[in-house]
There are 2 protein chains.
Amino acid sequence: MAIPRAAKTQRRTRIQEEKEERILEAALDVFSSSGFRGSTIDQIADAAGMSKPNLLYYFRTKEAIHRQLIDRVLFTWLEPLRAFDAEGDPEAEIRSYIRRKLEMARDFPRESRLFANEILQGAPHIEDELKGPLKELVDEKAEVIRAWARAGKIAACDPYHLIFSIWATTQHYADFDVQVRAVLGQEAAGEGRFEDAARFLEQLYMNGLRVGAD
Amino acid sequence: MAIPRAAKTQRRTRIQEEKEERILEAALDVFSSSGFRGSTIDQIADAAGMSKPNLLYYFRTKEAIHRQLIDRVLFTWLEPLRAFDAEGDPEAEIRSYIRRKLEMARDFPRESRLFANEILQGAPHIEDELKGPLKELVDEKAEVIRAWARAGKIAACDPYHLIFSIWATTQHYADFDVQVRAVLGQEAAGEGRFEDAARFLEQLYMNGLRVGAD
DNA sequence: GTAATGTTTTACCAATCGGTCAAATTATCG
DNA sequence: CGATAATTTGACCGATTGGTAAAACATTAC
């Protein structure tokens with residue numbers, strides 16, 4: 001008889017690891033392009049190449065898949081912000097933060113869209129994470145930025161809105177990819193658009209945050 | 001007997017106008033917070049305070065409601081960009097564009113989220129509009145910006161990514177509202193956040209686009 | 001008023017939704 | 001090998017999905 005799923009964490013089979021990975025991979029595709037409510041277990045099962053009951057053997061509910069996916073993404077997603085170093089050179093830190101966020105938008109667009117879908121729809125599953133760990137991390141880094149401004153290393157500015165604007169501009173290239181491609185047109189929409197974006201954003205932020213502005 | 005719905009455009013009843021308006025208003029609520037696939041006709045009918053068959057008397061399909069909603073929003077959404085004036089003062093034009101986009105994010109967040117949901121999910125219903133009218137409008141305004149740069153009125157920069165970045169930063173306050181509120185916390189999340197955002201963005205862009213940077 | 005038109009409701013449909021169950025199958029271990 | 005545990009399947013469930021048919025009801029035009 002099958003072990004009840006609650007006790008499964010004790011030792012994980014090779015098959016378990018493989019299948020769970022395949023399910024999460026498929027679910028990332030589906031959830032990121034249809035949102036939670038718009039996705040169905042059948043779609044995920046199809047994409048993972050297995051039957052629905054088989055999928056439900058590994059994850060009890062649709063919510064369980066989504067939850068695990070979101071938890072994973074949330075962690076890796078904040079990695080660049082965590083790397084923000086108070087001891088480093090402000091210009092270099094901000095520049096490298098922008099570059100890393102842009103690389104993530106380029107290399108992990110599905111993860112970005114999964115997250116965007118969740119927030120757009122009111123973040124029903126992760127409000128606590130936003131108000132807790134995320135807020136604390138941003139508060140900490142905002143203080144770093146404020147200290148840089150006080151020390152005269154960058155222009156005085158609202159650190160929260162600075163962070164928001166970097167999030168917005170970089171993730172835009174993942175979340176609004178279709179629009180970006182449509183506007184740039186076929187010729188200009190090659191992967192070069194990420195380099196162009198990086199150049200533009202670095203220019204904008206380096207000049208915009210330079211000391212001694214009105 | 002009821003007139004076939006295809007012929008209804010001839011003359012519109014008072015009741016027709018009222019009900020259609022109520023349906024679109026309700027649908028804006030529902031679609032903007034659940035996306036197209038995640039929304040149901042029942043939800044919209046409930047929100048509009050009428051029965052499902054009654055709603056379907058005015059709009060034949062779910063798609064028809066969504067389509068009309070998107071068409072409306074798309075038009076008003078581009079109004080600020082259309083107002084971009086080649087003859088005006090570059091700094092003032094950009095500043096006022098940012099301000100207007102920010103006001104729209106504040107006053108019409110549902111419209112912004114409807115649009116974001118659509119793009120996020122691959123823009124299945126409006127790809128043509130993006131590649132056609134939208135691209136043309138952006139192309140035109142990009143040329144204006146390039147001319148300003150050539151005339152030495154603003155720093156040389158990629159006009160497309162400039163526009164993208166303004167879209168991203170302003171719409172962020174509508175689309176990612178939950179996250180913005182969560183991070184700012186209860187005290188700072190009053191409506192003042194839009195003024196803070198405006199101040200930050202104007203500072204960023206005015207300094208960032210100033211002539212004579214590296 | 002009455003006839004034609006416009007609107008709303010009730011009852012319903014097939015398809016799909018998330019999820020369960022027991023039986024059949026396969027892998028693992030001694 | 002045999003036994004035991006892990007995995008997969010097919011058949012199924014009640015609820016919900018988008019949408020229809022027809023009749024009841026309301027409104028308008030004459």
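Quick note: numbers below take in every heavy atom, side chains included, and nothing from hydrogens, waters or symmetry partners. Every chain is numbered from 1 and lettered A, B, ... according to where its sequence line falls, protein lines coming before strand lines.
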### Task
Round to the nearest Å and state the distance from B/Phe59 atom CZ to D/dG18 atom P.
16 Å

### Query
Using 4.0 Å as the upper bound for N to carboxylate O, is an ion pair formed by A/Arg37 and A/Glu63?
no

### Query
Which residues satisfy the side-chain hydrogen bond (donor to acceptor under 3.5 Å, both in side chains) test with B/Asp139, sequence neighbours excluded?
B/Lys135, B/Tyr160

Under 3.5 Å, which protein N or O atoms sit close to an N or O of nucleotides 8-11 of chain D? Give each pair with its distance.
residue : atom : partner : partner atom : Å
D/dT8   : OP1  : A/Lys19 : NZ           : 2.1
D/dT8   : OP2  : A/Lys19 : NZ           : 3.4
D/dT8   : OP2  : A/Asn54 : OD1          : 3.1
D/dT8   : OP2  : A/Tyr58 : OH           : 2.6
D/dT8   : O5'  : A/Asn54 : ND2          : 3.3
D/dT9   : OP2  : A/Ser51 : OG           : 3.4

### Message
Any carboxylate oxygen within less than 4.0 angstrom of a Lys/Arg side-chain nitrogen, looking at B/Arg82 and B/Glu79?
### Response
yes

### Interface with DNA chain D, restricted to residues 26-44 of chain A and to heavy atoms under 4.0 Å
none

### Task
Would you please confirm or rule out a distance under 4.0 Å between OP1 or OP2 of C/dT7 and any side-chain N or O of B/Gln16?
yes

### Query
Salt bridge between B/Glu25 and B/Arg110, side-chain N to carboxylate O under 4.0 Å?
yes

### Task
Give a yes or no on whether a salt bridge exists between B/Asp29 and B/Arg113, defined as a side-chain N under 4.0 angstrom from a carboxylate O.
no

### Task
To the nearest Å, give me how far apart CD (B/Glu20) and P (C/dG6) are.
14 Å

### Query
Is A/Asp158 salt-bridged to B/Arg199, going by a charged N under 4.0 Å from an acidic O?
no

### Query
How many Å lie between NE2 on B/His66 and C1' on D/dG18, as a whole number?
16 Å

### Task
Flag the pair A/Asp42 and A/Lys52 as a salt bridge only when some basic side-chain nitrogen lies within less than 4.0 angstrom of an acidic carboxylate oxygen.
yes

### Message
For B/Arg72, is there an ion pair with B/Glu21 - N to carboxylate O distance below 4.0 angstrom?
### Response
yes

### Query
Rounded to whole angstrom units, what separation is found between the CG atom of B/Leu56 and the C1' atom of C/dC13?
14 Å

